[in-house]
Protein chains: 2
Amino acid sequence: MKIDVIKKLKEHGLKVTPQRVTILNAINEYGHANIDEIYQKAKATHYSMSLATVYKNVTSLVELNLLKELSLNSFKSKYEIVKEPHSHLVCKKCGSVEDIELSQEIEQNAAALASIKDFEAQDIEVEIYGLCRECREQGRV
Amino acid sequence: MKIDVIKKLKEHGLKVTPQRVTILNAINEYGHANIDEIYQKAKATHYSMSLATVYKNVTSLVELNLLKELSLNSFKSKYEIVKEPHSHLVCKKCGSVEDIELSQEIEQNAAALASIKDFEAQDIEVEIYGLCRECREQGRV
DNA sequence: CTGAAATTGATAATCATTATCAAAAGAATA
DNA sequence: TATTCTTTTGATAATGATTATCAATTTCAG
Ligand SMILES: [Mn+2]
Ligand SMILES: [Mn+2]
Ligand SMILES: [Zn+2]
Ligand SMILES: [Zn+2]
């Protein structure tokens, strides 16, 4: 899936720097990537890329809601480009993350329960932890 | 809710030390607590408690599935005593965590979707992020 | 009770993230 | 295109969080 990164940056009032474009493209290629993965891939394209620049940009892009952070048990947070709401399959062994679309009933059920508790629900995170096919096949338990 | 901590420890083959008992009681009182909260409360009961001891015990208790870790966006992980599966309301402002019981449809829906992707689902995490009543009332946006 | 094995507390080492700041680059404007 | 103002970057220092180390202490099975 191709993303018009430059347009996205302008929409959010951020200057279009080659570093930012590279970082967003790196995340987009991975689908879901942690800071180190982003840094490594971005560095391959843009040699002078600094780790501090990756941190700073990822943080501000999350605040601007252009990136979404996935806080995972046992692994460093992964980041993805914000798109339609969806859920994730997370492998406990290798940490891989895959998108899935959970039915909308859940969102509704969740929103209803939240309001009963007088809680203003804003977004729902669903992560299914388990083992991916590759890890099961390789007997990595 | 009272928990028989000593019994739990023995069941999991861990030695019953006053530090462990204190740590588990601290978590139980909070319901959901991060490392620092556990440390502070435990220290109040057991003066010589070391932060390293809290880290070591929490880590091993999570591995033994006696504690569950909640990895949250923007806040340090919180820990809770493992009980029946349930979901959480997480306030983006104050970080408070409250239990809710989502319908079982979700578990089933999730398990079904996971198997389609050839993924062996083990446990599901649902966090609803938003604003708690207290934070809304105090106009903390 | 004893003694082997596990645990603890103190703290050093390591790893992750944020802060600092001078130099470089983006973009608005003339 | 040149000027200027502001943001961003890269290098690295500072801070914060977590893990490792290890001698002393404690648990608990026998
Ligand atoms: Mn995703
Ligand atoms: Mn809970
Ligand atoms: Zn895997
Ligand atoms: Zn709140």
Side-chain angles (χ1 to χ4, degrees), chain A residues 4-27 33-64 66-67 69-79 95, chain B residues 4-27 33-64 66-67 69-79 95:
Chain A
D4 189 342
V5 161
I6 294 177
K7 187 173 153 218
K8 286 226 170 199
L9 287 175
K10 284 183 178 165
E11 283 172 359
H12 288 79
L14 290 175
K15 292 191 173 174
V16 179
T17 66
Q19 288 88 344
R20 282 188 178 133
V21 172
T22 304
I23 287 170
L24 285 170
N25 281 137
I27 296 171
N34 65 31
I35 290 285
D36 303 307
E37 291 166 338
I38 297 166
Y39 176 53
Q40 291 308 327
K41 192 179 279 276
K43 202 174 162 70
T45 306
H46 188 101
Y47 176 71
S48 70
M49 180 76 66
S50 161
L51 179 57
T53 297
V54 176
Y55 270 106
K56 279 180 286 198
N57 278 299
V58 166
T59 301
S60 59
L61 291 170
V62 167
E63 280 165 3
L64 287 169
L66 206 152
L67 290 182
E69 173 173 8
L70 304 181
S71 300
L72 306 173
N73 289 345
S74 312
F75 298 100
K76 292 183 76 173
S77 283
K78 293 203 168 193
Y79 301 87
Chain B
D4 188 344
V5 161
I6 294 177
K7 187 172 152 217
K8 285 228 172 200
L9 287 174
K10 285 183 176 165
E11 283 172 0
H12 288 78
L14 289 173
K15 291 190 173 173
V16 178
T17 66
Q19 288 86 345
R20 279 186 180 137
V21 172
T22 304
I23 288 170
L24 285 171
N25 281 136
I27 297 171
N34 66 31
I35 290 284
D36 303 307
E37 291 166 337
I38 298 166
Y39 176 53
Q40 292 308 328
K41 192 178 279 277
K43 202 175 165 66
T45 306
H46 193 284
Y47 176 71
S48 70
M49 180 76 65
S50 161
L51 180 57
T53 297
V54 176
Y55 270 107
K56 279 181 286 197
N57 278 300
V58 166
T59 301
S60 60
L61 291 169
V62 168
E63 280 166 3
L64 287 169
L66 206 153
L67 290 183
E69 175 174 7
L70 304 180
S71 300
L72 307 173
N73 288 345
S74 311
F75 298 99
K76 292 183 74 172
S77 284
K78 292 203 168 193
Y79 301 87

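The chains referred to below are lettered A, B, ... by the order of the sequence lines, with proteins before strands, and numbering in each begins at 1. No experiment lies behind these values; they were computed from the predicted model shown.
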Which nucleotide, [options], lies nearest any side-chain atom of [X]?
X        : options                  : value
Pro18(A) : dG26(C), dT8(C), dT19(D) : dG26(C)
Lys15(A) : dT19(D), dT27(D), dT7(D) : dT7(D)
Arg20(A) : dT8(D), dA11(D), dT19(D) : dT8(D)
Val16(B) : dG9(C), dT8(D), dC28(D)  : dC28(D)

If only side-chain N and O atoms of [X] are considered, is one of them under 4.0 Å from the OP1 or OP2 phosphate oxygen of [N]?
X        : N       : result
His46(A) : dT8(D)  : no
Tyr55(B) : dT18(D) : yes
Lys76(A) : dT17(C) : yes
Asn34(A) : dA16(C) : no
Ser48(B) : dG9(C)  : yes
Gln19(B) : dG9(C)  : yes
Thr17(B) : dT8(C)  : yes
Thr53(B) : dG9(C)  : yes

Rounded interatomic separation in angstrom, taking [atom1] from [X] and [atom2] from [N]:
X        : N       : atom1 : atom2 : result
Ile38(B) : dT18(D) : CD1   : C1'   : 14 Å
His12(A) : dT8(D)  : NE2   : P     : 14 Å
Asn57(B) : dT18(D) : CG    : C1'   : 15 Å
Met49(B) : dA10(C) : CE    : C1'   : 15 Å
Asp36(B) : dT18(D) : CG    : P     : 8 Å
Tyr39(A) : dT17(C) : OH    : P     : 14 Å
Ile35(B) : dG16(D) : CD1   : P     : 18 Å
Phe75(B) : dA17(D) : CZ    : P     : 14 Å

Side-chain donor or acceptor of Gln40(A) paired with backbone N/O of Glu37(A) under 3.5 Å: no
Short side-chain to backbone donor-acceptor contact, Ser60(B) and Lys56(B), under 3.5 Å: yes
Base of dT19(D) paired with side chain of Lys56(B) (donor-acceptor, under 3.5 Å): no
Residue of the set Leu70(B), Ile35(B), Asn34(B) for which side-chain contact (heavy atoms from CB on, under 4.5 Å) holds with Tyr79(B): Ile35(B)
Greater than 12 external heavy atoms within 6.0 Å of Lys10(B)'s NZ: no
Gap separating the CG atom of Asn57(A) from the CG atom of Leu24(A), nearest 0.5 angstrom: 8.0 Å
OG1-CD1 distance between Thr22(B) and Ile38(B), expressed to the nearest 0.5 angstrom: 12.5 Å
Sugar-phosphate only, base, or nothing, as touched by Leu14(A) at under 4.0 Å among non-hydrogen atoms: sugar-phosphate
